[in-house]
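This report concerns only the one structure given below.
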Amino acid sequence: MTPAAAPPIATRGLTKRFGRLTAVDSLDLAVERGEVFGFLGPNGAGKTTTIRLLLGFLNPTAGAAAVFGRPGADPAIRRRIGYLPADLALDPRYTACDVIEFFGALRGGCDRQFTASLLERFALDPARPLGDLSTGNRRKVGIVQAFMHRPDLLILDGPTSGLDPLLQQEFHRLIREEVARGATVFLSSHVLPEVEALASRVGILRKGRLVTLASIDDLRRKARQRIDIFTAGPVPRGLFEAVSGVRSVAYHDGGVQLVVEGTVDAVIKAAAALTVERIYTPGQDLEDLFLEYYDASDET
Amino acid sequence: MTILRRALRDRRNALLWWMLGLAVLNLFTLAFYPTVRGQQDFDELVQQMPEALRAMFGMEDGVSLSSAPGYLWARLFSSLLTVLLVIYGIAGGAGLVGGSEEDGTLELILANPVSRAAVAFQRFLALLVLLAALTLFAAVTLVLMALPFSALEGVDAGGLGVAFAGLFGLASLHASVAFAGGAIAGRRGPGLAAGTVLAAGGFLAQGLLAAAGAPAWVRNLNPWHWYLERNLLAFGPRWEAVVPALALAALPVAAGIAVFRRRDLR
């Protein structure tokens, strides 16, 4: 395969063991040019280890990882990567200015105008030392350094953690703009909503193994959600049990709690017979929503 | 050379404090010289000390401790000045890779288009530059401040130059050993340990082996012996005080980089 045609990310049987712990287990992954690939999994599933293998910080125990057809440790490849780590570990005396200047020089220059616009968009004061910044502001410095040289591939580890909702939206806009420009995004996260908002395709990692690889639409169809319906009077038994999509029913004093797979349309229509005071769908957490995948892989 | 420039900038402030410390050490040492100068009792006292102790404090037969070469050699070059520069080398060397890997700051730098070998090597070069600057500063302040105390009487000029060059060589060797320990282990501790073992062991062995009448070839295994063997200020320059330590320093650096570029980051 010529380098020009090589996919942004390709792994074959990628495996990493630390002693007896298998952190990444026979991972086969291909991320296509121009897509936003969501890399989902609970904490400790091996997401960060996979990223560190991609960037050449770790050597695989078996298998191989390639970025644009080459090892991620190759400086020529690194020039094309923007990396946002889960935690921005840099000398606390550095200011954002220092980081931009230092990393810009290492990358053979960055787009100055674009960098300035990033600082403005995220309302970041570039003159303050990182040690004095809040978690959210340090996050912004991480974002600026990852995007400032307009890389072909963005590897984002838990990108919006620590950002307030307004800035999360701004960040999502930025990602969409870069994708429109032709960049590829590898988005690692343990929360579904941010992946759902951006990714077209999703891989779910659990205990180092890829348990699901699907389009976000497929996933949404299969995803389960919890719905709490609070009613004025007691809910008649048997109302929801037979409704399509309902997987479990639990009655409580104020109403009923349901777990629904796929569309909730039938449930809402069935609930129309009741005097509904409030509907609550709690914590759209990956751990809840993808119970199915976790359970399935536990049975083996 | 971006890494080198950055490493110099990062350590600039700390260097100024070290310079201040060494200037104070030089000043205090020189200020006491007039009270020692020409004191015969002092030499007699020294003659009664065990040989090991005399060797350890850089006191040599034939060089009066109340003369400028004897006094400065014993009080600075066989003592605190050398030890401090060696400590600067060890602390700096252990931090270059091991320390920055341990505190997590190395990884994001390595996500940039720069090889591990380049980062490690440029950082070590930066430490050598800092060490050279610190040594040069110590030399200049010593010479300038010695004037009012007439503390350079009888000091061999070439020998003084070589004494400072040797100081740089010895500190570089310790820096490279500490660098290798840190680069191989990925932590600061093993680097500090490796450097400190060489420093403490070498410094003590220099005095004790001489007193114990160890054969010359055994004593010659010790880099501190190469430097401290004979009073450079009294007897003039010796190439063995500089060249072997500097040449040997290349080995741990090469070994450290060779391991660092292949292993997993922590």
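For the 3.5 Å distance criterion, the side chains of A:Arg173 and A:Gln168 fail to qualify, holding no donor opposite an acceptor. Side-chain N/O atoms of A:Tyr94 and B:Asp10 include a donor and acceptor closer than 3.5 Å.
Between the CZ atom of B:Phe137 and the CH2 atom of B:Trp18 there is a distance of 13.5 Å, given to the nearest 0.5 Å. Between the CZ atom in B:Phe28 and the CG atom in B:Leu76 there is a gap of 13.0 Å [rounded to 0.5 Å].
Chain B forms more heavy-atom pairs under 4.5 Å with one residue of A:Phe57, A:Phe103, A:Tyr83 than with any other, namely A:Phe57. Chain B forms more heavy-atom pairs under 4.5 Å with one residue of A:Ile81, A:Ile77, A:Leu90 than with any other, namely A:Leu90.
Contact of A:Asp87 with chain B is not made at all, since no heavy-atom distance falls under 4.5 Å. Heavy atoms closer than 4.5 Å to chain A are found in the side chain of B:Arg9, but not in its backbone. No part of A:Ala73 comes within reach of chain B, as not one of its non-hydrogen atoms sits under 4.5 angstrom from that chain. Of the two parts of B:Arg5, neither the backbone nor the side chain holds a non-hydrogen atom closer than 4.5 Å to a non-hydrogen atom of chain A. Contact annotation for B:Ile109: both backbone and side-chain heavy atoms come within less than 4.5 Å of a heavy atom of chain A.
Ring geometry for B:Phe179 versus B:Phe124: interplanar angle of 30 to 60°, hence tilted.
No salt bridge links A:Asp98 with A:Arg93; every basic N to acidic carboxylate O contact stays at or beyond 4.0 Å.
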